[in-house]
Each structure stands twice: as structure tokens, then as C-alpha cells.
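Chain A is the first sequence line, chain B the second, and so forth, proteins listed ahead of strands; every chain is numbered from 1. Worth knowing before you read on, the calculation uses all heavy atoms, side chains too, and leaves out hydrogens, waters and symmetry mates.
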2 protein chains.
Amino acid sequence: MWTIIVHIGVGVSMEIIRRKTEYGIRALVHLALHPGKEVTAAEIAEEQDVPLEYLQKILQKLTRGGFVGAQRGAYGGFYLAKNPEEINLLEVIELMQGKLAMNKCFLGKDGCNRAPKCVLKYNWLQLEQRIAGFLSQITLLDLAEQVREGGLPGGGVKK
Amino acid sequence: MWTIIVHIGVGVSMEIIRRKTEYGIRALVHLALHPGKEVTAAEIAEEQDVPLEYLQKILQKLTRGGFVGAQRGAYGGFYLAKNPEEINLLEVIELMQGKLAMNKCFLGKDGCNRAPKCVLKYNWLQLEQRIAGFLSQITLLDLAEQVREGGLPGGGVKK
DNA sequence: CCTATGTGGACTATTATAGTCCACATTGAT
DNA sequence: ATCAATGTGGACTATAATAGTCCACATAGG
């Protein structure tokens with residue numbers, strides 16, 4: 001007997017949030033749930049299901065971006081460098097992925113040689129602003145509170 | 001004498017609209033501006049600054065997606081298979097790039113093994129719906145009208 | 001039958017993403 | 001002073017997506 005798998009349609013999805021960003025957000029949420037404590041990359045990796053080596057790179061970026069502080073050496077670790085309500089999703093996404101844009105055409109003169117006569121520009125810009133506006137309204141505090149309310153993960157009972 | 005180029009900051013941008021989608025939209029706009037006529041891929045490529053061979057692939061996708069019709073053979077070409085007001089940006093983007101999603105986690109069971117306990121889900125879904133809603137409200141007619149009002153490109157005076 | 005056109009498949013090139021590895025710097029504890 | 005635990009930085013690989021190209025073929029009009 002055979003099983004025939006048929007893929008209907010085109011590529012399944014096109015994601016706005018990359019995995020590294022998702023990992024970064026998970027890490028930040030984890031830190032927000034453990035205030036006043038230095039948490040090691042290893043602990044975050046384990047609790048949040050993120051490859052340790054990769055997470056380290058991500059934490060370095062978050063550190064350079066000013067979202068977390070790092071304490072080196074034994075008993076060191078990471079901690080939030082700002083209050084959770086002072087960190088919003090847009091900032092984190094743009095730190096991890098670069099500026100969120102609908103289309104390169106509108107980023108500058110060099111993006112697209114048709115820019116001067118490009119009429120899609122207005123629509124793209126408007127959309128960009130809406131998305132950015134919405135993302136910037138969601139703070140790390142919001143996310144952390146939802147985790148606490150849900151009782152998961154990492155903030156609740158350990159296995 | 002030397003020129004030293006320094007790249008400051010992170011990756012410059014993260015684009016939601018891919019080039020192929022932009023090309024596809026340009027092609028659709030072009031067709032909308034030339035109703036009742038069969039336009040060859042070569043003409044669209046020239047007028048819209050798109051590599052011909054690549055545009056052909058894009059037009060094939062648009063054809064299979066039901067947005068344009070194709071007439072083979074000499075004197076053949078492409079034409080809109082729907083009225084411009086019946087084609088919206090979301091449909092085109094999703095045909096070209098796949099379903100627009102914030103994050104794979106929420107696409108199904110397989111996207112992410114943390115899905116059952118993922119608390120970001122609600123926020124992502126809400127954002128997805130807003131973006132989709134906005135994109136689905138912009139029709140090809142809107143874009144074509146803006147081009148006509150602007151007098152550019154392809155709808156205006158030829159060089 | 002010739003030519004202009006779209007179709008479909010295979011192919012390459014480039015870039016982004018995801019992930020890994022290792023030498024090194026720092027710090028607390030002993 | 002030394003050791004072990006930790007973060008840092010650079011180089012590296014692997015995989016996938018995107019962008020683009022090439023060619024044989026199908027089709028339709030003249």
C-alpha cells in the first residue's frame with residue numbers, strides 16, 4: 001500500500017518574524033519572568049527550547065542593542081537592562097532583522113531605480129507605519145503578563 | 001588614495017514584499033492600464049524594468065493563480081482575467097510568496113513544537129489579521145488609478 | 001510552414017538564515 | 001594563583017529561499 005502526498009498550492013508561508021527574532025523574544029520574556037537575577041544562556045536555552053550556541057549569538061545582539069545586560073565570569077549571566085514596559089516588539093524585531101519594510105524601493109535612493117516614479121510608495125509607507133505602530137504598542141511587559149496568566153512556560157511549575 | 005567603506009549597524013532591512021511580488025504587481029498594473037489588449041511578456045518586461053525570463057515565470061504563476069489569462073502563439077500575450085477591482089494585494093502577495101504569516105508557530109501543529117504553550121500566539125494572530133485586512137482592501141484598481149493620476153509609468157506618454 | 005509567442009523543467013548564482021566551533025576574556029570561589 | 005563557569009568574537013558550515021537564466025517544446029496566426 002502506498003501513501004501519496006500531494007502538495008497543493010505554492011510555498012506554504014512567508015514569515016515576517018524570523019526564528020532568531022522569536023528566540024530573542026523568548027529569551028527576553030524569560031528574563032522578564034526572572035527579575036533581579038542573572039540567568040545563564042544555558043538556562044534560557046534549556047527552558048525556551050533554543051540551541052545554546054545560536055542563543056548566545058542572539059543574546060550578544062540583544063546586549064549590544066541595550067536590551068539586556070551581561071555579567072561575565074562564573075555565576076554570571078544575563079538580565080534585563082530596561083524595564084519590561086520600556087521594551088517593545090518593534091525595537092526587538094528591528095534589532096534582530098533590520099528595519100521592517102514593505103519593500104526596499106522606499107528605503108532610499110539606492111533601493112530601486114524606479115523610485116522617483118513609483119506609485120506604490122504611498123501605500124507601502126502607510127502599511128509600514130500601521131504595522132510598526134501596532135508592533136511598537138506591544139511591550140515585553142504585555143508578553144510576560146500573558147505568560148504569567150497562562151502559567152506557562154518557564155514562569156510556572158517546573159517539570 | 002583609498003576609499004574606506006564602513007557598514008554601520010545591522011542588516012539594513014527586512015522586507016515583507018519580495019521582488020518577485022513587486023514584479024508581479026507591476027505586471028498586473030500594466031495590464032490594468034491596457035485593458036482589452038493582449039500584452040506580451042516582452043513589452044511588460046521592457047516597460048516595467050523586469051528581466052524578461054524572470055517575468056515569464058511570474059506571469060505563469062499569475063496565470064495559474066487565475067489573475068491573468070494567456071494567449072499563446074503569434075500575436076498572443078497576457079490580459080487581466082478579472083476586473084481590477086476584484087484583485088487585491090493580499091491575494092497577489094500570497095500567490096507569489098505563500099501565505100503571509102507573522103510566524104510559523106501558528107500555521108499548524110507542525111510549525112513549532114512549543115505551539116500548545118506558546119503565548120505569543122494571540123498577538124501574532126491579531127497582527128496577522130490586521131495586516132491581511134489592510135492588504136486585502138487595496139485593489140489593483142486603486143493602484144492603477146494612482147498610476148493614471150500620477151501619469152506614470154507606462155500609462156502616460158511614451159518616451 | 002514559418003515565426004512569434006507562452007509553457008515547463010532544469011539549471012545556476014546569490015543571499016539570508018540557521019546553526020556550529022573554538023580560542024579567548026572575565027570573574028567568583030577556593 | 002588557579003580553576004571552573006561564564007560571556008565574547010570571529011570564523012566556519014549547512015540549508016533554504018530568492019533571483020535569475022537557459023532551452024526544448026507547444027501553440028496559434030499569417
- Query: With A/Asp142, which residues qualify under side chain to side chain donor-acceptor pair (under 3.5 Å), at least two apart?
  - Reply: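 For A/Asp142 the side chain to side chain donor-acceptor pair (under 3.5 Å) partners, ignoring immediate neighbours, are A/Thr139.
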- Message: Please determine whether a side-chain nitrogen of the Lys or Arg among A/Arg26 and A/Glu22 lies less than 4.0 Å from a carboxylate oxygen of the Asp or Glu.
- Response: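 Answer for the salt bridge query: yes.
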- Query: Are A/Lys37 and A/Glu43 close enough for a salt bridge, meaning some N to O gap below 4.0 Å?
  - Reply: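 Yes, this pair counts.
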Just how far, in rounded Å, is [atom2] of [N] from [atom1] of [X]?
X	N	atom1	atom2	value
A/Gln60	D/dT8	CD	P	5 Å
A/Glu38	D/dA5	CD	C1'	13 Å
A/Glu53	D/dT13	CD	P	16 Å

Give me, pair by pair, the N or O atoms of the protein and of nucleotides 10-15 of chain C that are less than 3.5 Å apart, along with how far apart they are.
none

- Under 4.0 Å between any heavy atoms, over every strand shown, what does A/Ala41 touch: base, sugar-phosphate, or nothing? Just pick one.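 Touches sugar-phosphate only.
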- Identify, with sequence neighbours excluded, every residue that meets side chain to side chain contact (heavy atoms under 4.5 Å, CB included) alongside A/Arg72. none
Write down the protein N/O and nucleotide N/O pairs, taken from nucleotides 27-30 of chain D, whose separation is under 3.5 Å; answer none if there are no such pairs.
{"unit_1": "D/dT27", "atom_1": "O4'", "unit_2": "B/Arg72", "atom_2": "NE", "d": "3.4"}

- Item | Criterion side-chain contact (heavy atoms from CB on, under 4.5 Å) on A/Arg130 and A/Phe134, from CA distance to verdict | CA-CA 6 Å; A/Arg130 288 210 190 185; A/Phe134 188 70; over 6 Å; no
- Whichever of B/Gln56 and A/Arg18 has its nearest DNA chain C nucleotide further upstream toward 5': B/Gln56
- Message: Within this structure, what is the CG-CG distance for the pair A/Leu140 and A/Asn88, rounded to the nearest 0.5 Å?
- Response: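 Spacing of CG (A/Leu140) from CG (A/Asn88) equals 10.0 Å.
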- What residues form a salt bridge (Lys or Arg N to Asp or Glu O under 4.0 Å) with B/Lys82, not counting sequence neighbours? none
- Minimum-distance nucleotide to A/Pro51 side chain [options: C/dT20, D/dT21, C/dA18]: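 Closest of the options to the side chain of A/Pro51: C/dT20.
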- When you measure from every atom of DNA chain D, which of residues 62-70 of chain B have a heavy atom less than 4.0 Å away? none
